[in-house]
Amino acid sequence: MTGRLALVTGGNGGIGTEVCRQLAGAGYRVVTTCMDAEREGIAQWQADLARDGVEVGYVECDVSDFNDCAAMAQRVEEEHGPVDILVNLAGITRDSFLHKMAQEDWKAVVDVNLDSVFNVTRHFIPGMRDRSFGRVINVASVNGQTGQFGQTNYSAAKAGMHGFTMALAKEGARKGVTVNTVSPGYVDTSMTAAIPEDIRTQIVAQIPAGRMAKPEEIARVVVFLALDESGYINGANIPVNGALFCSF
Ligand code: CAA
């Protein structure tokens, strides 16, 4: 056991579940946020994990709402103690070509995927700085690096996440607080299952690996960044995309 506490926003989703599972397996205490525990079936989700010996707490929170995040942060710290590892993972898509995009689809995606990173992180950074240890891991997307048809909202939000990462990494570097981005490619989850089938086939055909990632292949990078020993990796954007997009 590391004894350290990890908070994962949207940890009950496809990638999130594996992140929670692997963090717990590496000895972290883990709490997830969700919007509505009953509607999202959190009790069943916890029971499924518990069958494998994985215990994950939860707290309800709308990550797009700053005040709700403040209340969530207070509750997590009261019930579980200080948060050492923060994984900003909650995200949604509302895909549409820009010439057809409704303003609410722009706003919802930017609020949940980008504003949330401020709304949540803002409450934990002071404590991390005071304790001289923190890990913030922002889960973005290859589509924030390349842009994607139908995703001006999502690509902008995910690109913005990494700007946040780079700036905050500099602020925390002398305080033991690292901030990094993981940029997954296409991962086999309900989010990619929602892509129209013909387009999905077209996308997979463009991935040099010839397949989507498994959620556990993303989670292992998140856990690596969380480790105490990863303290000199800071401000990085780590791609996990099957060679879909290579850069240097
Ligand atoms: N590559 C090439 N062409 C594409 C394309 C793509 N990725 N996406 C759309 N097009 C083309 C279509 O083939 C079509 O071409 P034709 O007119 O020649 O037939 C044209 O654009 C219009 O497409 P649609 O008929 O599908 O138009 P639409 O308005 O009904 O829908 C869309 C447009 C919303 C972009 C839809 O195509 C779509 O959902 N595309 C997938 C977008 C996507 O990749 N989302 C990723 C979700 S997963 C995720 O985001 C996780 C992550 O981090 C990676």
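Atoms within a ligand are numbered from 1 in the order they appear, just like the ligands themselves. Here the structure is a predicted model, which means the values were calculated and not measured.
- Residue Met191 has at least one heavy-atom neighbour below 4.0 Å for each of these atoms of ligand 1: 49 (C), 51 (C).
- For the pair Gly185 and ligand 1, a heavy-atom separation below 4.0 Å is found.
- At a distance under 4.0 Å, no protein heavy atom can be found next to atom 11 (C) of ligand 1.
- In this structure the side chain of Val142 reaches within 4.5 angstrom of the side chain of Gln145, judged on heavy atoms.
- Remark: atom 3 (N) of ligand 1 lies closer than 4.0 Å to at least one protein heavy atom.
- Residue-level proximity to ligand 1 for Gln202 is carried by the side chain, the only part with a heavy atom below 4.0 angstrom.
- Comparing Tyr186, Phe97, Tyr154, Phe149 against atom 20 (C) of ligand 1, the shortest heavy-atom distance belongs to Phe97.
- Heavy-atom contacts of Gln148 reach the following atoms of ligand 1: 7 (N), 43 (C), 44 (O) (cutoff under 4.0 Å).
- Only side-chain heavy atoms of Ile203 come within less than 4.0 Å of ligand 1; its backbone N, CA, C and O stay farther off.
- Between Arg211 and Glu217, at least one side-chain nitrogen of the basic residue sits less than 4.0 Å from a carboxylate oxygen of the acidic one, meeting the salt-bridge criterion.
- If you number the atoms of ligand 1 from 1 as listed, the ones under 4.0 Å from a heavy atom of Ile195 come out as 41 (C), 46 (C), 47 (C), 48 (S).
- Atoms of ligand 1 found under 4.0 Å from any heavy atom of Gly150 (numbered from 1 in listed order, with element): 35 (C).
- Distance check for atom 27 (O) of ligand 1: a protein heavy atom is found below 4.0 Å.
- Here's the thing with Ser141: one of its N/O atoms is less than 3.5 angstrom from an N/O atom of ligand 1.
- Taking a 6.0 Å sphere around OH of Tyr58, one finds it holds 12 or fewer heavy atoms contributed by other residues, nucleotides or ligands.
- Within ligand 1, the atoms closer than 4.0 Å to a non-hydrogen atom of Thr93 are 50 (O), numbered from 1 in the order shown.
- The protein does not reach atom 17 (O) of ligand 1 closely, with no heavy atom under 4.0 angstrom from it.
- The closest side-chain donor-acceptor pair between Thr165 and Thr181 falls under 3.5 angstrom.
- The N/O atoms of Thr192, backbone and side chain alike, include none that comes under 3.5 Å of an N/O atom in ligand 1.
- A salt bridge between Asp228 and Arg4 is present, with a side-chain N of the basic residue lying under 4.0 Å from a carboxylate O of the acidic one.
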Give the table of side-chain donor-acceptor pairs shorter than 3.5 Å for residues 82-95, with sequence neighbours excluded, one pair per line with atom names and distance.
| unit_1 | atom_1 | unit_2 | atom_2 | d |
| --- | --- | --- | --- | --- |
| Asp84 | OD2 | Leu5 | N | 2.9 |
| Asn88 | ND2 | Thr121 | OG1 | 3.1 |
| Asn88 | ND2 | Asn138 | OD1 | 2.8 |
| Asp95 | OD1 | Gln151 | NE2 | 3.0 |

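- Of the protein's heavy atoms, at least one falls inside 4.0 Å of atom 50 (O) of ligand 1.
- For atom 13 (O) of ligand 1, the closest heavy atom belonging to the protein is Ile199 CD1, 3.9 Å.
- No side-chain N or O of Asp198 forms a donor-acceptor pair with one of Gln202 less than 3.5 Å apart.
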Quiz prompt | Test log, rule side chain to side chain contact (heavy atoms under 4.5 Å, CB included), inputs Ser64 and Asp115 | solution = CA-CA 6 Å; Ser64 69; Asp115 281 16; 5.8 Å; no
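- Summary of contacts: the protein heavy atom closest to atom 43 (C) of ligand 1 is Asp95 OD2, 3.5 Å.
- Of the protein's heavy atoms, at least one falls inside 4.0 Å of atom 39 (O) of ligand 1.
- When heavy-atom distances to ligand 1 are checked against a 4.0 Å cut-off, Pro196 comes that close only through its side chain, counted from C-beta outward.
- Here the protein heavy atom with the shortest distance to atom 46 (C) of ligand 1 is Gln151 NE2, 3.4 Å.
- Residue Gly235 comes nearest to His162 through the heavy atom pair O-CE1, 3.6 Å, listed as atom of the first residue, atom of the second, then distance.
- The closest side-chain heavy-atom distance from Ile42 to Gln46 is below 4.5 Å.
- With a 6.0 Å radius and a threshold of 12 heavy atoms from other residues, nucleotides or ligands, Arg220 has its CZ atom at or below the threshold.
- Side-chain contact between Val182 and Val240: present, with at least one pair of heavy atoms (C-beta onward) separated by less than 4.5 Å.
- Residue Lys100 has at least one heavy-atom neighbour below 4.0 Å for each of these atoms of ligand 1: 28 (P), 29 (O).
- A salt bridge between Arg75 and Glu78 is absent, with no side-chain N of the basic residue lying under 4.0 Å from a carboxylate O of the acidic one.
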